[in-house]
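Heads up, the thing below is written out as structure tokens.
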Amino acid sequence: MSSPVIALSVPDLGPAEAAAAAASVDVVRGGKVDLGAIEQFERGIAEVTGCRYAVALSSGTAALHLALIHLGARPGTVVLTSSMTFAATANAIRYTGAEPVFVDSQASDANVNPHLLLNAADQLLAQGREIAAAVPVDLYGRCADYSVLEPGLRERGIPLLCDAAESLGAAHNGRPAGSFGEAGVFSFNVNKLLTTLGGGMLVSDDEDLVAHARKLATQARENVPWYEHTELGFNYRMTHTSAAIGNAQLARLPELLAARRAIRDGYAGHFADVPSVRILGRDAGDGGDNCWLTSIVVNDPTFDAAAAVAALQAEGIEARQLWKPMHLQPVYADATVVGGELAEDLFARGLNLPSSSVLTDSELDRVVERLTRWLDAQ
Ligand SMILES: *Cc1c(COP(=O)(O)O)cnc(C)c1O
């Protein structure tokens, strides 16, 4: 009999979430839709991120899209982002008609190289291009280098939008993920650290940005008694059942973070005496990650991440290569990339390991045992 598959990242939902979801349905059955759950979830996320406002939305992608529109992304403008990211970041830029410019990673944690990004901004500005925003991504739960990015972008008058989709609960120099620059975006997709089974949040201190996003998310209805629309809107609001699940998850956030951190420490302990294996972002040792996914990079020229994924898959273990860089994606073949070799190398030699908060010690041991056995056989 084969053991069940050890998944990369599954939802950690229990009786509290089930009860919250059921209660939210009872409210509907009673003929009253109580939107209190949404407001409560917005207040809760605002608190965790230290931001004044939060807008609950249908997805992280929707949150990116609305923030970019407000910041002025449109045809003819440029938006700088990391090449090493999930397609959602780049897609949201494309939805606005703006041109994404992809920037290479830094080696330590695969996040965008902040100096390269600022140099690229200077060159674009010198060419007379309008940069609507820069969207650094907090990869796998570790914040981008905002100590360089935030002052550098402010100096150049470029709005900063944090793609914190993967980094709820993380921090950089003591400041919460999502709180840098003009606005931040979170995702509560099923595979994220905290899930509403699909949803997102936009956080900001900017009252105008938040009011505009709320309006755009509800078909941009004007504040008059009839249905009046002067700009193009969307249907991007979060459902109230999702928010109810989110509230139950948020009450467990410390527990969810501690579980992911314990998994990170478990892998780090096992790989401490495997010199070719480096845990991404571990060197800084500042403890600011939320440890959403533990990622390794194998320092061995013969290592082939795709082959490792296939070998682990055959053992019932779901590992995954790091994000395939956007500049290698056929859909973005015509986009500009600044550098890119480092992201390509990370894609070839990097692996995300099973990191669910429900992962057991014996499952973690099995992942390490199968992976080291495969590495030794190479
Ligand atoms: C998950 C994710 C998103 C998109 O969030 P959805 O809620 O799935 O739309 C955006 N950016 C990054 C980096 C992500 O990992």
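Please read these numbers as outputs of a predicted model, since none were measured by experiment. All values below were derived from every heavy atom in this structure, side-chain atoms included, with hydrogens, water molecules and symmetry-related copies excluded. Each ligand, and each atom within it, is numbered from 1 in the order the structure gives.
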What do the steps show when you test Phe234 against Tyr95 for ring-ring contact (aromatic ring centres under 6.0 Å, His included), and what is the final call?
CA-CA 12 Å; Phe234 305 88; Tyr95 297 163; 8.9 Å; no
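- Between the side chains of Glu231 and His212, at least one donor-acceptor pair of N or O atoms lies under 3.5 Å.
- Near Ala88, meaning under 4.0 Å from one of its heavy atoms, ligand 1 places the atoms 3 (C), 4 (C), 10 (C).
- Within the 4.0 Å heavy-atom criterion, the part of Thr85 lying near ligand 1 is the side chain and not the backbone.
- For atom 13 (C) of ligand 1, the closest heavy atom belonging to the protein is Glu166 OE2, 3.2 Å.
- Counting protein heavy atoms only, atom 9 (O) of ligand 1 is closest to Thr61 OG1, 2.4 Å.
- Inspection of the Ser204 and Asp206 side chains reveals no N or O donor paired with an N or O acceptor under 3.5 Å.
- Side-chain atoms of Ser147 and Arg175 form no donor-acceptor pair, as typed in the model, at a separation below 3.5 Å.
- In terms of polar-atom proximity, Trp292 is not counted as a contact of ligand 1, lacking any N or O under 3.5 Å from an N or O of the ligand.
- Looking at Ala165 against ligand 1, only its side chain comes within 4.0 Å, counting heavy atoms.
- Nearest protein heavy-atom neighbour of atom 2 (C) of ligand 1: Lys192 NZ, 3.0 Å.
- Ring geometry for Phe102 against Tyr332 counts as perpendicular: the plane angle is over 60°, on a 0 to 90° scale with 30° as the lower cut.
- When only non-hydrogen protein atoms are considered, atom 11 (N) of ligand 1 lies nearest to Asp163 OD2, 2.8 Å.
- Every atom of ligand 1 is numbered from 1 in the order shown, and the set under 4.0 Å from a heavy atom of Gly199 is 7 (O).
- Only the side chain of Val137 comes within contact range of ligand 1, with a heavy atom under 4.0 Å; no backbone atom does.
- No donor-acceptor contact under 3.5 angstrom links the side chains of His65 and Thr96, judged on distance only.
- Of all the atoms in ligand 1, the ones that sit under 4.0 Å from a non-hydrogen atom of Asn189 are 8 (O).
- Taking distance alone, with nitrogen or oxygen atoms compared against 3.5 Å, Trp323 stays at or beyond that limit from ligand 1.
- Residues Asn352 and Ser295 have side chains that bring a donor and an acceptor to within less than 3.5 angstrom of each other.
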Start with the C-alpha distance between Glu166 and Leu139, add both sets of side-chain angles, then the distance that settles side chain to side chain contact (heavy atoms under 4.5 Å, CB included), and finish with yes or no.
CA-CA 7 Å; Glu166 303 173 1; Leu139 220 52; 4.3 Å; yes
